[in-house]
2 protein chains.
Amino acid sequence: MHDLKSPQSQAKRRLLDAAEQLFAERGFEVVSVRDVTQLAKANVAAINYHFGTRDGLIAQVVARHLTPLNEERLARLETLERKWSGKVPPLEEVIDAFVRPLVGAVRKSDLSERLLCALLGRIFSLQGALLPSSIEDQARHSSDRFIRSLGKALPAVSPEELAWRTHFVIGAMIHMLVNQDLLHRMTNGVSGVPSMEVTLGRFIRFACAGLREGVEEECAVTKGPQATFDF
Amino acid sequence: MHDLKSPQSQAKRRLLDAAEQLFAERGFEVVSVRDVTQLAKANVAAINYHFGTRDGLIAQVVARHLTPLNEERLARLETLERKWSGKVPPLEEVIDAFVRPLVGAVRKSDLSERLLCALLGRIFSLQGALLPSSIEDQARHSSDRFIRSLGKALPAVSPEELAWRTHFVIGAMIHMLVNQDLLHRMTNGVSGVPSMEVTLGRFIRFACAGLREGVEEECAVTKGPQATFDF
DNA sequence: GTCTATAAAGTGATAGAC
DNA sequence: GTCTATCACTTTATAGAC
């Protein structure tokens with residue numbers, strides 16, 4: 001392991017930054033190690049020295065973003081369960097706990113909001129081969145926890161139906177993150193350029209409505225005005 | 001242009017079939033012309049002979065599937081407008097007209113349902129560079145028509161809000177099409193292996209609920225029991 | 001840690017024989 | 001129309017000098 005603050009391996013940080021930018025813009029599959037070293041003004045061999053292989057570089061980029069995000073998600077979910085001790089947290093708050101950490105991630109990152117969102121979206125849609133199994137276990141654990149919370153918030157929805165609805169929600173999220181500029185182009189600007197906060201609010205309302213479809217009696221106190229929300 | 005039924009260019013059909021299968025399984029970016037010719041048991045030069053370039057091959061694969069699909073979509077939309085002459089077609093039926101042509105596409109194709117869905121999903125998420133502008137115009141025309149119909153069905157939703165909700169719906173659809181087997185793995189089989197009909201029914205209900213979120217007064221007769229639908 | 005040089009394999013495309 | 005042979009690059013990765 002290398003200390004990212006030591007002067008010797010500023011190069012490593014530069015490589016990671018360059019890699020993140022290019023992966024966000026173009027996708028993991030089509031960015032070569034040469035693209036990365038060129039943008040980072042580093043030597044071709046630097047990638048292999050610091051990360052072993054190209055896949056090693058991808059794994060580090062993924063881990064650096066996905067691990068803190070999933071930790072934050074789980075922490076928020078636990079806070080939620082403590083707050084509603086005994087009772088079942090309402091749907092909106094569960095979804096909020098799942099997506100709001102994205103805002104914090106944007107603030108912490110050096111990348112622009114647009115690029116970081118694209119990177120995270122691409123990470124979420126990564127298929128098995130590219131991510132180390134430790135990360136995959138972690139992601140699965142997080143997703144299991146959330147699905148269980150959703151199931152409790154929506155007892156009237158069968159597990160099978162809930163699995164599909166959750167799948168739709170994840171798809172909508174990934175597309176929102178990766179293709180936000182596409183929407184702007186396709187609508188000739190009608191979509192506006194809203195802040196992350198506004199977009200997340202829209203997404204949460206959309207997702208909850210879809211998840212809740214056909215449910216007459218919600219589990220707990222979740223019906224009624226949602227004026228407690230700040231978006 | 002070549003006649004696909006002539007004996008001389010069975011090879012061309014074999015190449016298209018092989019290309020479709022590989023593009024569906026792995027994505028356009030990562031399939032080489034050699035992968036295609038190998039699977040089609042054809043010569044390397046055959047791709048360039050029949051399609052000019054690799055991009056030409058992709059364009060033909062895309063056009064062969066996207067053009068009839070968009071035509072069918074528009075035809076269904078027009079049928080709908082005739083049926084509701086003067087009045088505004090209800091949301092469910094507009095979304096149905098948008099996604100149901102997928103079922104017909106599956107029936108017509110030689111590919112398995114799973115592969116064809118993946119291919120179509122990948123086509124929908126293609127970014128500009130890879131598809132000829134004629135196809136892009138066609139896709140934009142179709143999508144404009146549908147957004148206008150959605151706007152009429154949901155007059156209470158602002159154009160900006162509607163643009164984002166539609167974006168979420170498209171994202172959910174793409175993810176459903178490309179990653180249906182991922183869901184099965186991730187849920188340890190809880191999601192089941194439903195037919196296309198069932199999945200589309202789920203999707204339509206989810207999408208309509210999301211699009212309709214917060215709308216109290218629908219435009220026309222669309223409120224009330226939806227028993228007229230066959231899914 | 002950083003560099004050059006190079007290996008070994010893969011890429012899209014084409015000329016020219018048949 | 002189909003094939004072989006080949007061009008001109010690009011890819012990841014590594015050995016070895018500094």
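Under 4.0 angstrom from either OP1 or OP2 of dT11(C) there lies at least one side-chain N or O belonging to S32(B).
Ring-plane geometry between F23(B) and F28(B) is classed as tilted, the angle between the planes lying from 30 to 60 degrees on a 0 to 90 degree scale.
For A11(A), taking side-chain heavy atoms from C-beta onward, the closest of the listed nucleotides dT2(C), dG12(C), dA13(D) is dT2(C). Nearest to the side chain of V33(B), among dT11(D), dG1(C), dG12(C), sits dG12(C). Side-chain atoms of R34(B) lie closest to dT6(D) of the nucleotides dC3(C), dT6(D), dT2(C). Nearest nucleotide to the A45(A) side chain, out of dA13(D), dC3(C), dC3(D): dC3(C).
One atom, CG of N48(B), and another, P of dA5(D), lie 18 Å apart when rounded to the nearest Å. At whole-Å resolution of the value, CZ in R14(B) and P in dG1(D) are 13 Å apart. Atoms CZ (F51(A)) and C1' (dT14(D)) sit 18 Å apart, rounded to a whole Å. One atom, NE2 of H50(A), and another, C1' of dA13(D), lie 15 Å apart when rounded to the nearest Å. Rounded to whole Å, atom P of dT6(D) lies 15 Å from atom CG of N43(B). At whole-Å resolution of the value, CZ in R54(B) and P in dA13(C) are 8 Å apart. L15(A) places its CG atom 10 Å from the P atom of dC3(C), with the value rounded to the nearest Å. Remark: P of dT2(C) and OH of Y49(A) are 7 Å apart, rounded to the nearest angstrom.
Pairs of residues two or more places apart, or lying in two chains, never qualify as ring-ring contact (aromatic ring centres under 6.0 Å, His included) while including a residue from residues 113-135 of chain A.
Across E72(B), E197(B), E93(B), a single residue satisfies side-chain hydrogen bond (donor to acceptor under 3.5 Å, both in side chains) together with R100(B), and that is E197(B).
At a threshold of 4.0 Å, the pair R26(B)-E29(A) does not count as salt-bridged, since none of the basic side-chain nitrogens sits closer than that to a carboxylate oxygen.
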